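Computed from a prediction, not measured in an experiment: that's the story for all the values here.
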Amino acid sequence: MQKITPEQLQERLQQDGPAPVLLDVREDWEFERCHIDNSVHIPMSQIAGEYDQLDEDTETVVICHHGMRSLQVAQYLEAQGFSNIANLDGGIDAWAKTVDPDMEQY
């Protein structure tokens, strides 16, 4: 599994070609408060029953608040055969602090 910094993710999202899937695994209230546009929202507690909605070969960046839940989900997805997974280092908190300072923080 790879890790990706908020700055690297921002650069990746600005490149030509297909964007990675942004998989936000935070709780509903967290996602409603703030999220990166075009994110797919599947709370961590629902991943086991819903990961089949995702393509195991598509580049996927897993996101949570600080990067710990997303790390666990990323490891789980790799164990299920996903081959192109990255964890957002520092989570949405780091994204808000370094890339999108107008994003609500909590």
Side-chain angles (χ1 to χ4, degrees):
M1 174 198 354
Q2 305 166 25
K3 76 176 180 180
I4 188 169
T5 67
E7 297 86 0
Q8 290 169 326
L9 178 57
Q10 179 186 35
E11 185 177 305
R12 179 67 189 86
L13 292 172
Q14 293 171 344
Q15 293 175 355
D16 290 333
V21 170
L22 304 177
L23 175 60
D24 194 315
V25 299
R26 295 175 299 143
E27 296 299 320
D28 292 338
W29 70 268
E30 294 175 289
F31 188 80
E32 290 168 9
R33 184 171 240 173
C34 63
H35 60 270
I36 301 171
D37 289 341
N38 301 313
S39 294
V40 173
H41 180 230
I42 304 175
M44 181 179 181
S45 62
Q46 298 173 19
I47 283 293
E50 298 186 28
Y51 74 86
D52 59 349
Q53 298 176 33
L54 305 168
D55 181 346
E56 63 187 34
D57 297 318
T58 298
E59 179 183 7
T60 303
V61 178
V62 188
I63 302 166
C64 71
H65 189 209
H66 289 114
M68 297 308 295
R69 286 176 283 176
S70 55
L71 176 63
Q72 292 175 7
V73 170
Q75 291 171 335
Y76 175 79
L77 292 175
E78 281 191 330
Q80 305 312 308
F82 283 70
S83 60
N84 197 358
I85 297 288
N87 183 45
L88 180 60
D89 194 31
I92 199 81
D93 185 64
W95 175 272
K97 289 177 178 171
T98 61
V99 173
D100 188 359
D102 293 329
M103 178 180 276
E104 183 177 349
Q105 297 180 40
Y106 62 99

Any donor-acceptor pair under 3.5 Å linking the side chain of [X] with the backbone of [Y]?
X: S45; Y: P43; result: no
X: N87; Y: L71; result: yes
X: R26; Y: C34; result: yes
X: T98; Y: A94; result: yes

Nearest 0.5 Å please: distance from the [atom1] atom of [X] over to the [atom2] atom of [Y].
X: I92; Y: D100; atom1: CD1; atom2: CG; answer: 8.0 Å
X: R12; Y: T5; atom1: CZ; atom2: OG1; answer: 13.5 Å
X: D57; Y: T60; atom1: CG; atom2: OG1; answer: 9.5 Å
X: I36; Y: L9; atom1: CD1; atom2: CG; answer: 5.5 Å
X: I47; Y: L77; atom1: CD1; atom2: CG; answer: 6.0 Å

Consider side chain to side chain contact (heavy atoms under 4.5 Å, CB included). Of V62, V21, T58, which one does I85 pass it with? V62
Using side-chain hydrogen bond (donor to acceptor under 3.5 Å, both in side chains) as the criterion, list what pairs up with Y76, not counting sequence neighbours. none
Between Q75 and Q72, do the side chains contain a donor N or O and an acceptor N or O under 3.5 Å apart? no
Do the rings of H41 and F31 sit parallel, tilted or perpendicular, given the 30° and 60° boundaries?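 The rings of H41 and F31 lie parallel, inter-plane angle below 30°.
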Is Q105 atom CD crowded by more than 12 heavy atoms from other residues, nucleotides or ligands, each under 6.0 Å away? yes
Among residues at least two apart in sequence or on other chains, which ones pass side-chain contact (heavy atoms from CB on, under 4.5 Å) with Q14?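 Listed in chain order: Q10.
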Write out all pairs satisfying ring-ring contact (aromatic ring centres under 6.0 Å, His included) with one or both partners inside residues 87-106, taking only residues at least two apart or from two chains.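 Applying ring-ring contact (aromatic ring centres under 6.0 Å, His included) to every pair that reaches into residues 87-106, excluding sequence neighbours, yields W29-Y106, H65-Y106.
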Indicate yes or no: does R69 engage E30 in a salt bridge with an N to O separation below 4.0 Å. yes
